[in-house]
Amino acid sequence: MNKEEFNKEWEKFELECRSCSRCALRDNATNTVIYRGGRNAPLMIVGEAPGANEDQEGKPFVGRSGQLLQSLLASYGFSDEDYHICNICKCRPPQNRRPEPSEIMACKRLLAMQFKLVRPKVILLCGSTAYEGFFGQKVKMGDVRGKFIESNGYYIMTTFHPAYALRDPKHNIPIFEDRGKVRQKLEQLGCLPPLENIN
Ligand code: URA
């Protein structure tokens, strides 16, 4: 697909997202929150669902969790085009509750379209909702965090949600370590230059 075709496909995808009414979350949402970062990024970061700030701005991870996520990405030299940030659900659940399994299911088709367009090499799932939404099964974070799984040509890692580190700063350390492993994997795959070569 050339650039022009890709941009057309992307516009179609955004239109599908904004006109989706497969669950009731859209009814109370201000915006459909699709992504921020690059459209062809080697790293896709998947969170849970938009909160109040994200709903207002129409972009994922722009509140306190987002600031933490951003500082971790910056500390490993990621630029905006290196990552594509999105969520399991594109509309804000009322009172920031966890999305229901039926809402996650309803949004899955759009997320699958997003993966096909972005074609990341590495996927970072932030938190248990992202894991459960992606793999369709419940999990104990301690059992899966920080390890790569290779599936369908993707390298997938699960880590703590940044909100978890905001509640207890000791979780900053494993999240920081996991970002380092992600950076290393992208370098090994030839998607990013070695960090020491970045000024
Ligand atoms: N938490 C999420 O999981 N996603 C956001 O976009 C913001 C906060």
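Numbers here simply count residues along the sequence, with the first being 1. We count ligands from 1, going down the list as the structure has it; atoms in each ligand are counted the same way.
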Pairs of donor and acceptor atoms involving the side chains of residues 143-154, under 3.5 Å and at least two apart or interchain, shall be tabulated with distances.
residue, atom, partner, partner atom, Å
Arg145, NE, Asp178, OD2, 2.9
Arg145, NH2, Asp178, OD1, 2.7
Lys147, NZ, Asp143, O, 2.8

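- Contact residues for ligand 1 (protein heavy atom closer than 4.0 angstrom to any ligand atom): Gly47, Glu48, Ala49, Glu54, Pro60, Phe61, Asn87, His161.
- A pairwise comparison of heavy atoms in Pro162 and Leu68 identifies O-CD2, 3.6 Å as the closest pair.
- For Asp168, the side chain to side chain contact (heavy atoms under 4.5 Å, CB included) test picks out Lys170, His171, with sequence neighbours left out.
- Residues Trp10 and Val33 do not share a hydrophobic cluster, clusters being chains of Ile/Leu/Val/Met/Phe/Trp/Tyr side chains in contact below 4.5 Å.
- Ring to ring, Phe115 and His84 are not that close: their centroids are 6.0 angstrom or more apart.
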Anything under 3.5 Å between a donor and an acceptor, one on a side chain of residues 120-135, the other on a protein residue two or more places apart or in another chain? List them.
residue, atom, partner, partner atom, Å
Thr129, OG1, Glu48, OE1, 3.0
Thr129, OG1, Arg98, NE, 3.3
Thr129, OG1, Arg98, NH2, 3.2
Glu132, OE1, Arg98, NH2, 3.3
Glu132, OE1, Lys138, NZ, 3.4

